[in-house]
Amino acid sequence: MRKLGIDFYQRPNVLQIAKELLGKVLVTKWDGIETSGRIVEVEAYNGVNDKASHAAGGRRTNRNEVMYGKSGVAYVYLCYGIHHLFNVVTNERETPHAILIRALEPIKGIDIMLQRTNKKQLDHTLTRGPGNVSKALGISFKHHTGHSLLSKDLFITEDDFVLNKKNLAASPRIGVDYAGEDASLPYRFYIKGNPFVSGKPK
DNA sequence: CTGACGATTCACT
DNA sequence: GTGAATCGTCAGC
């Protein structure tokens with residue numbers, strides 16, 4: 001297992017980074033309790049020129065400030081008053097790129113994740129969808145937005161998993177109809193056929 | 001200070 | 001397929 005370093009996050013092409021995140025492993029280790037899962041679905045948010053981004057048009061608020069900061073940091077925010085959505089900040093300071101982690105395939109600490117989500121047994125809904133990912137990994141916007149991904153309790157690693165290119169799929173992003181023509185950009189990437197990918201089951 | 005709303009999920013018809 | 005849940009954030013007064 002090799003932890004991804006600042007060189008991975010700091011690069012300018014957020015779409016490239018998003019694709020490369022597929023197959024990597026997201027780990028949280030709060031109070032020594034480890035939970036992890038392989039990333040199987042992501043969405044890229046391409047800075048000020050992307051109408052679907054919170055930073056569209058250079059919008060800068062207290063909430064999205066962390067996207068304008070350094071890369072390799074978590075941007076977590078509350079949606080619908082209920083769901084915590086976990087994003088990875090990329091690129092240089094003042095360039096608000098981010099990648100939303102939409103789904104994982106559970107690896108470690110499945111019993112802990114079941115406990116956190118009040119579920120009884122493992123099924124494909126445990127870490128499917130961005131709200132469920134944060135819930136299962138114990139990530140909350142209050143405590144973890146701005147948290148470094150180069151830290152010991154929150155990070156992304158790669159193992160020997162290799163994603164076959166024919167299993168890489170792209171589609172428009174989900175839930176961003178308000179973004180006009182940018183809503184149809186193919187900025188969502190996922191591993192084809194993986195049961196934890198959100199959207200229509202197949 | 002106030003009101004409208006969201007990068008969603010789940011229970012229910 | 002439809003609708004409720006639920007609260008921090010933001011724009012506007």
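Chain identifiers are assigned alphabetically (A, B, ...) following the order of the sequence lines, protein sequences preceding nucleic acid strands; residue numbering begins at 1 within each chain.
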Query raised in the report: For DNA chain C, whose closest nucleotide is more 5', that of A:Phe141 or that of A:His83?
Result: A:His83
Report task. Going by the salt bridge (charged side-chain N to carboxylate O under 4.0 Å, His left out) test, name the single residue among A:Arg59, A:Lys70, A:Arg60 that passes it with A:Glu65. Result -> A:Arg60
Requested in this report: Round to a whole Å and report the spacing from OH of A:Tyr75 to C1' of B:dA7.
Outcome: 9 Å
Requested in this report: May I ask you to decide if A:Val76's main-chain N or O and A:Thr145's side chain share a donor-acceptor pair within less than 3.5 Å?
Outcome: yes
Requested in this report: Would you mind reading off the distance between A:Lys119 atom NZ and B:dA11 atom C1', rounded to a whole angstrom?
Outcome: 13 Å
Query raised in the report: Between the base of B:dA7 and the side chain of A:His54, is there a donor-acceptor distance below 3.5 Å?
Result: yes
Requested in this report: Indicate whether the side chain of A:His54 and that of A:Asn64 have a donor and an acceptor atom separated by less than 3.5 Å.
Outcome: no
Query raised in the report: For the pair made of CZ in A:Phe86 and P in B:dT8, what is the distance, rounded to whole Å?
Result: 16 Å
Query raised in the report: According to the Watson-Crick and G-U wobble definitions, with both distances under 3.5 Å, which nucleotide is paired to B:dC1?
Result: C:dG12
Query raised in the report: What integer distance in Å separates A:His84:NE2 from C:dT6:P?
Result: 13 Å
Query - Position toward the 5' end of DNA chain C (nearest nucleotide), A:Leu78 or A:Ile82 - result: A:Ile82
**Report entry** Watson-Crick or G-U wobble partner of C:dT6, both distances under 3.5 Å
**Finding:** none
Report task. Just call it for A:Leu85: base, sugar-phosphate, or nothing, with non-hydrogen atoms closer than 4.0 Å on any strand. Result -> sugar-phosphate
Query raised in the report: Is A:Arg102 near enough to B:dT8 that one of its side-chain N or O atoms lies under 4.0 angstrom from OP1 or OP2?
Result: yes
Query - Protein-nucleotide distance (A:Lys51, atom NZ; B:dG6, atom P), rounded to Å - result: 17 Å
Query raised in the report: Taking the six-membered ring of A:Tyr9, is the NZ or CZ of A:Arg11 close enough (under 6.0 Å from the centre) and on axis enough (within 45°)?
Result: no
Report summary line: Among the nucleotides B:dA7, B:dT9, C:dA11, whichever has the atom closest to the side chain of A:Arg59 is C:dA11
Query raised in the report: Over how many whole Å does the gap from A:His124 atom NE2 to B:dC10 atom C1' extend?
Result: 13 Å
Report task. Whole angstrom is fine here: how far is it from CZ in A:Arg173 over to P in B:dG6? Result -> 16 Å
Report summary line: Between CD1 of A:Ile174 and P of B:dG6 the distance, given in whole Å, is 17 Å
**Report entry** A:Leu78 side chain reached by A:His84 side chain, heavy atoms, under 4.5 Å
**Finding:** yes
Report task. Tell me whether the OP1 or OP2 atom of B:dT9 has a side-chain N or O from A:Tyr80 closer than 4.0 Å. Result -> no
Query raised in the report: Mind checking the C1' distance from C:dG3 to B:dC5? Whole angstroms is fine.
Result: 16 Å
Query raised in the report: Are A:Asn132 and B:dC10 close enough that a side-chain N or O sits under 4.0 Å from OP1 or OP2?
Result: yes
